[in-house]
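Structure first, commentary second.
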Amino acid sequence: MNDEARYWKEQALYWKTHANWDLLSVATLGLMLAILVRSLLDKPRYLPAARAWLLGLWVPAVVGFGVTGALHYVNHLLDEWYQLFAYGVVAAVLWQVRTYRPAASMLWAIALPALYRAIALGQKTLGLTFVKPLDEYFKSLGKLNIIWFFGLLFVAFYQKKVLAKEQARRAEEEQQRRQIAARNAELERLVAERTATLTHQAEELQTALTELRATQQQLIQREKMASLGELTAGIAHEIQNPLNFVNNFADVSQELVAELEEEQTRPARDAGLEDELLNDLRHNLHKINLHGQRAASIVRGMLAHSRQTTGERAPTDVNALADEYLRLAYHGLRAKDKAFNATLETKLAPSLPRIEAVAGDLGRVLLNLFTNAFYAVQQRQLAGADPGYAPTVVVRTRQVGPAVELIVADNGEGIPEAMRQKIFQPFFTTKPAGQGTGLGLSLSHDIVVEGHGGALTVESQEGRGTEFTIRLPIRAAQPEARP
């Protein structure tokens with residue numbers, strides 16, 4: 001062996017006997033313990049302030065090794081003191097996050113080794129020894145603490161894994177909750193927008209409905225005025241005839257009076273002529289009185305119908321009502337068109353019972369039906385497609401069980417099938433603009449069906465005519481008795 005080799009061998013032997021090499025071993029152990037704790041605390045996410053303590057856990061051992069080596073100081077208890085120091089630092093770090101279950105398990109993992117190391121160090125420092133049986137148990141405890149440490153270390157990392165899954169699940173649930181909350185917020189926004197839109201539309205519809213009702217009332221009033229116009233024209237024509245007779249007989253009577261006065265001024269008066277003139281005057285006055293009463297009767301009937309529009313039902317003669325309004329409707333049209341003529345047929349059942357009805361309302365229904373019938377036959381006549389065509393309007397009455405049927409028929413143009421389903425709808429009309437409101441048949445249907453508990457039906461053949469049937473109960477329906 002040469003001198004250089006001998007030198008290094010002597011130096012190695014010197015440092016082996018003059019340095020605390022166990023400190024370097026336990027420094028490695030402290031570093032591994034720090035790595036385990038940092039891994040358990042996610043480097044360390046749960047306690048950021050412990051990072052410096054865990055990273056510097058090996059520094060005291062290395063520094064102690066260097067200092068004792070320079071001073072040639074050898075102490076075989078320094079490594080055990082360092083181990084207690086390392087356990088203490090780790091325990092201090094874990095104690096601050098003891099509510100974290102893996103940290104609590106790690107605390108229990110280092111508790112038994114630290115206790116064992118403290119007792120062993122106390123024995124060596126104080127020179128104490130246990131009695132032999134206890135000493136054997138203590139040595140067994142030294143072997144058991146390794147199993148204890150790694151067992152609880154495994155439990156700690158298992159708990160960390162379980163908690164990580166739980167946290168991931170909670171994070172996913174939180175994300176889902178946020179997504180649901182976001183969707184709910186979006187849905188609430190959409191619902192609010194939709195609600196605002198619907199509210200705006202509802203307000204617009206309400207406004208439109210108000211305007212429509214106002215327009216409907218105006219059209220109903222117009223329909224009433226149109227019916228009143230037709231009725232007035234018919235009444236005027238009915239009154240005009242007796243007034244013409246009254247005027248004519250009054251004029252003739254004035255001439256007879258003048259002739260009688262002239263005869264009385266003659267010296268030779270003719271008594272026979274005077275008696276003849278007086279008889280003629282008496283006859284004319286009778287005619288004037290007769291036609292005056294006829295006009296008064298027409299006026300009384302009109303006033304009676306006007307008073308019966310209060311909605312109160314009363315026994316009503318359907319035959320008289322039908323005959324009267326047929327003539328009124330016909331003369332009303334004749335007042336507008338002097339050239340129009342039509343055949344009127346009345347087939348009224350004798351001994352027809354009176355019905356409980358509002359005569360004024362039924363009169364409006366009949367006036368509408370008669371007016372439409374005359375309009376239909378007039379249009380067919382004006383079309384001129386049928387040579388020798390004779391306009392005809394028929395009204396018939398009959399009793400069918402506990403009800404009375406009133407039928408209005410014409411041989412006019414008829415109603416096409418497509419329009420027949422709509423004629424009772426409000427505002428539907430086949431007349432040119434300005435000649436009809438489309439409410440006549442609708443109001444008539446309401447009066448018959450809702451007002452009188454009856455039925456209003458129609459049958460029609462295009463090009464042959466139309467027939468409306470009004471069916472009315474003889475007795476008005478009585479309200480249900482209340483307990």
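Computation of the quantities below employed the complete heavy-atom set of this structure, encompassing side-chain atoms and omitting hydrogens, waters and symmetry-equivalent molecules.
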Just jot down the side chain to side chain donor-acceptor pair (under 3.5 Å) partners of R282, sequence neighbours excluded, or say none.
-> N279
Please name the residue in the list D361, N372, N368 that meets the side-chain hydrogen bond (donor to acceptor under 3.5 Å, both in side chains) test with S444.
-> N368
With sequence neighbours left out, what residues match R354 under side-chain contact (heavy atoms from CB on, under 4.5 Å)?
-> P315, D317
Correct closest heavy-atom pair for G453 and P473 would be O-CD, 3.9 Å
Go through the steps for V458 and T466 under the test side-chain contact (heavy atoms from CB on, under 4.5 Å), then give the verdict.
-> CA-CA 7 Å; V458 60; T466 303; 3.7 Å; yes
S460 side, atom OG; D410 side, atom CG - distance, nearest 0.5 Å | 7.5 Å
Rounded distance (nearest 0.5 Å) linking atom CD of E417 with atom CD of E462 | 9.5 Å
For the side chain of T343 and the backbone of T392, is there at least one donor-acceptor N/O pair under 3.5 Å apart?
-> no
What's the shortest heavy-atom distance between R380 and G412, and which atoms?
-> NH1-O, 3.3 Å
Under the salt bridge (Lys or Arg N to Asp or Glu O under 4.0 Å) rule, collect the residues that match up with E193, sequence neighbours excluded.
-> R189
Please tell me if the side chains of L472 and V448 come closer than 4.5 Å, counting only heavy atoms from C-beta onward.
-> yes
So, for I474 and Q399, which heavy atoms are closest and what is the spacing to 0.1 Å?
-> CD1-NE2, 3.6 Å
Looking only at atom types and distance, does a side-chain atom of N319 sit under 3.5 Å from a main-chain N or O of A349, one as donor and one as acceptor?
-> yes
Rounded to the nearest 0.5 Å, how far apart are CG of L153 and CE of M106?
-> 5.0 Å
From R471 atom CZ to R398 atom CZ, the distance as rounded to the nearest 0.5 Å = 9.0 Å
For E173, which of R169, R170, R177 qualifies under salt bridge (Lys or Arg N to Asp or Glu O under 4.0 Å)?
-> R169
Any chance the rings of Y330 and F374 have centres within less than 6.0 Å?
-> yes
Might you point out which heavy atoms bring L406 and A322 nearest each other, and give the distance in Å?
-> CD1-CB, 4.0 Å
So, do Y100 and L163 sit near enough that their side-chain heavy atoms are less than 4.5 Å apart?
-> yes
So, D323 and T346: side-chain donor and acceptor under 3.5 Å apart, yes or no?
-> no
Can you tell which of I470, I407, L321, V318 makes a side chain to side chain contact (heavy atoms under 4.5 Å, CB included) with T397?
-> V318
How many angstroms lie between CZ in F468 and CG in L366, if you round to the nearest 0.5 Å?
-> 12.5 Å
For T210, enumerate each residue passing the side-chain contact (heavy atoms from CB on, under 4.5 Å) test, keeping only those at least two apart in sequence or located in another chain.
-> Q206
E345, E467, E405 screened by salt bridge (Lys or Arg N to Asp or Glu O under 4.0 Å) with R396, the one that passes = E467
Can you list the steps and then say if L326 with L344 is a side-chain contact (heavy atoms from CB on, under 4.5 Å)?
-> CA-CA 8 Å; L326 175 64; L344 307 182; 4.3 Å; yes
Evaluation steps, side-chain contact (heavy atoms from CB on, under 4.5 Å), between L362 and H452 = CA-CA 9 Å; L362 285 184; H452 291 80; 4.2 Å; yes
Pairing residues for R183 by the salt bridge (Lys or Arg N to Asp or Glu O under 4.0 Å) criterion, not counting sequence neighbours = none
Test V377 against F340 for side-chain contact (heavy atoms from CB on, under 4.5 Å), laying out the working first.
-> CA-CA 10 Å; V377 297; F340 175 74; 3.9 Å; yes
What is the minimum heavy-atom distance between Y389 and N411, and which atoms define it?
-> OH-O, 2.8 Å
Residues forming a side-chain contact (heavy atoms from CB on, under 4.5 Å) with E204, sequence neighbours excluded | H200
To the nearest 0.5 Å, atom NZ of K160 lies from atom CZ of R101 at 14.0 Å
Please answer whether the main-chain N or O of P102 pairs with a side-chain N or O of Y158 as donor and acceptor at a distance below 3.5 Å.
-> no
